[in-house]
Amino acid sequence: MLKDYDITIGLEVHAQLDTETKIFCSCSTEFGAEPNTHTCPVCLGMPGVLPVLNKQAVEYAIKAGLALNCEITDFSKFDRKNYFYPDLPKAYQISQFDLPLCEEGYIDVMTDEESVRIGINRIHMEEDAGKLIHAQGGESLVDYNRGGTPLIEIVTEPDITSPIQATAYLKKLKNILEYLEVSDCNMAEGSLRCDANISLKPKGQSELGVKTELKNMNSFKAIEKALTYEIKRQRKLLKEGGKVVQETRTWDDEVEKTFSMRSKEEAHDYRYFPEPDLVPLEVDEAWLQEIKEEIPELPKARRERFVNELGLPEYDAEVLTDSKSIADFFEAVLEEYDDPKTVSNWMMGDMLRLLNEEELEIEEIKIEPVELAQMLKLMDDGTISSKIAKTVFEEMFNTGKKPETIVEEKGLKQISDSSELEGIIEEVLAENQSAVEDYQAGNENVIGFLVGQTMQATQGKANPQLVNEILRKKLAD
Amino acid sequence: MKVMKIDETMVEKVAMLSRLELSSSEKEQMTEQLNDILEYADELNELETEDIEPTAHALPIKNVFREDKVGESLARKDALKNAPQKEAGSFKVPQIIETDE
């Protein structure tokens, strides 16, 4: 939020659809294959070939449209977007221009206790381009494996007014697409990419300012940083009486700046025209109904179920459903250990903290849901104390070992044998005579200190309840 | 509707977008031929189309799909056969984007 300027941001997200094959040919979409091993005459743009639309891709796109509150148009078509760039073997990209598949949707996002509705202008289908690797000596290497991978491009209205809102929108969008299982949304592998249009205008002015388009942000953090940088850059320019140039700028994550992308060639003129090799796409009510029925429980519904049926606090439900994988992990633990709040506490506390510290995603965690359940059972049956459980959990997190194995190997079993504890407690009492006297003088609070001392003497392994009992008995004598 | 007139500037622009290098006599020839084509197509404007739905495709068919099943791809050496330059299993091309502060 700036005092002197209004910020206007619109986002264009490209999400790769998680199909087995490309959008117009049967080449595999597998990531990470050797360069140019997943190509054929169709996706290489050889003369005389015919593209044929992948039905699964259309259904995924419609699913996304429905979940994002869009109108699914009953008639849409494909168009050629012409531009000359080596990542496009045909010198045009098959996309949708004036009749996209989905229109007029929205996502509600929460930032700072404020709910904002971000409009979605359209979602259209298109093919991905190949990948350019800039080699040394002013040349580029092209790999067309990615060329022809089905994409949906989700275009927002210019409704976003801050970088934080932008990332909140993106997180929500990613979460919904993951729940739908229409895209794996892996930003590092480029299955989810985001370009941003951003402009500033003096407060009160109705006409939008000149915008720049930002590219090459590969994480949510990068998007937030790039937008923040660009706001600063444009504001400084405007304040000094300069003008923002309408252009595309690329984000450099290393130096944390945007740079003008100067094409050696003239500005784009896409000369869209209908793709004559593809027939129109009509979606009737019956087909739409079929797809509607396949839509799984979405984050909002799951959050409500966690609150209403599992009795979780709103906050817990929000955090857990924020990522499909975390919510799936949570429910898998519940299958083995039916105490939602306890499981939630461990996941939101120790688990998310450790994941954050190690900068890991939940998918990379070494702990199996069933092992977390086993650890909680070990606590319940008194094998380990809750304090030791934290140590066991960290060890599980770091090594992937089973909780029983860790308890065994590290000798972490809780001491619940009264005679063993009595001996230890007698030593503690002997060493802390003044505390004993305080207690007997009526200051019962020192019991906490004495329990602490006993726990320390047993490296946390003593059963705290038993320690408490024995201490009270001995002090009363 | 009036016939759009093509002049040499437009021919130059389209040639640039298509990465075609035209001599000045070719430019002249293209200007003439493109205008002829437009004029010919303009005859359609004589038809009364007020009550006719726009057509997106010449054929009265729709919804032609493939199932999402992986088929065979080309061997890489075949895929690269037409490449004027190649390196490391890839097509090699001149770099055309640069960035600048």
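Naming convention: chains lettered A, B, ... in sequence-line order (proteins, then strands); numbering from 1 in each chain. From a predicted model like this one, the values you see are computed outputs, not experimental measurements.
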Is [X] close to chain A through its backbone or its side chain, or both, or neither, when contacts mean heavy atoms under 4.5 Å?
X: B:Leu59; result: neither
X: B:Lys69; result: backbone
X: B:Asp78; result: neither

Given that the side chain runs from C-beta out, which part of [X] has a heavy atom under 4.5 Å from chain B: side chain, backbone, both or neither?
X: A:Leu278; result: backbone
X: A:Glu30; result: neither
X: A:Leu44; result: side chain
X: A:Phe75; result: side chain
X: A:Leu17; result: neither
X: A:Cys43; result: neither
X: A:Val58; result: side chain
X: A:Pro274; result: side chain
X: A:Lys77; result: side chain

Taking the side chain as every heavy atom from C-beta outward, state whether [X] and [Y] have any atom pair closer than 4.5 Å.
X: A:His124; Y: A:Phe97; answer: no
X: A:Phe84; Y: B:Leu17; answer: no
X: A:Glu126; Y: A:His14; answer: yes

When only pairs under 4.5 Å are counted, which of [options] shares the most heavy-atom pairs with chain B?
options: A:Ala57, A:Gly130, A:Cys25; result: A:Cys25
options: A:Asp143, A:Ile133, A:Leu53; result: A:Leu53
options: A:Thr29, A:Thr37, A:Thr39; result: A:Thr39

Using only atom types and a distance under 3.5 Å, with no angle test, would you say the side chain of [X] pairs donor to acceptor with the backbone of [Y]?
X: A:Thr258; Y: A:Ala226; answer: no
X: A:Asn36; Y: B:Gly89; answer: yes
X: A:Glu103; Y: A:Arg122; answer: no
X: B:Asn35; Y: B:Thr31; answer: yes

**Prompt:** Based on non-hydrogen pairs under 4.5 Å, which of B:Ala79, B:Ala83, B:Ser90, B:Ala75 is most in contact with chain A?
**Reply:** B:Ser90

**Message:** Under a 4.5 Å cutoff for heavy-atom pairs, which residue among B:Glu67, B:Glu72, B:Arg66 has the most contacts with chain A?
**Reply:** B:Arg66

**Asked** Can you name the nearest heavy-atom pair linking A:Gln16 to A:Arg193, along with the distance?
**Response** NE2-NH1, 3.9 Å

**Message:** Run the salt bridge (charged side-chain N to carboxylate O under 4.0 Å, His left out) test on B:Glu8 and B:Lys27 for me, step by step, so that the C-alpha distance in whole Å, both residues' side-chain angles and the decisive distance to 0.1 Å come before the verdict.
**Reply:** CA-CA 7 Å; B:Glu8 239 174 75; B:Lys27 272 181 218 164; 5.6 Å; no

**Asked** Looking at CG of B:Asp68 and NZ of A:Lys55, how far apart are the two atoms once the value is rounded to the nearest 0.5 Å?
**Response** 12.0 Å

**Inter-residue atom distance A:Phe31.CZ - A:Asn145.CG, 0.5 Å rounding** = 10.5 Å

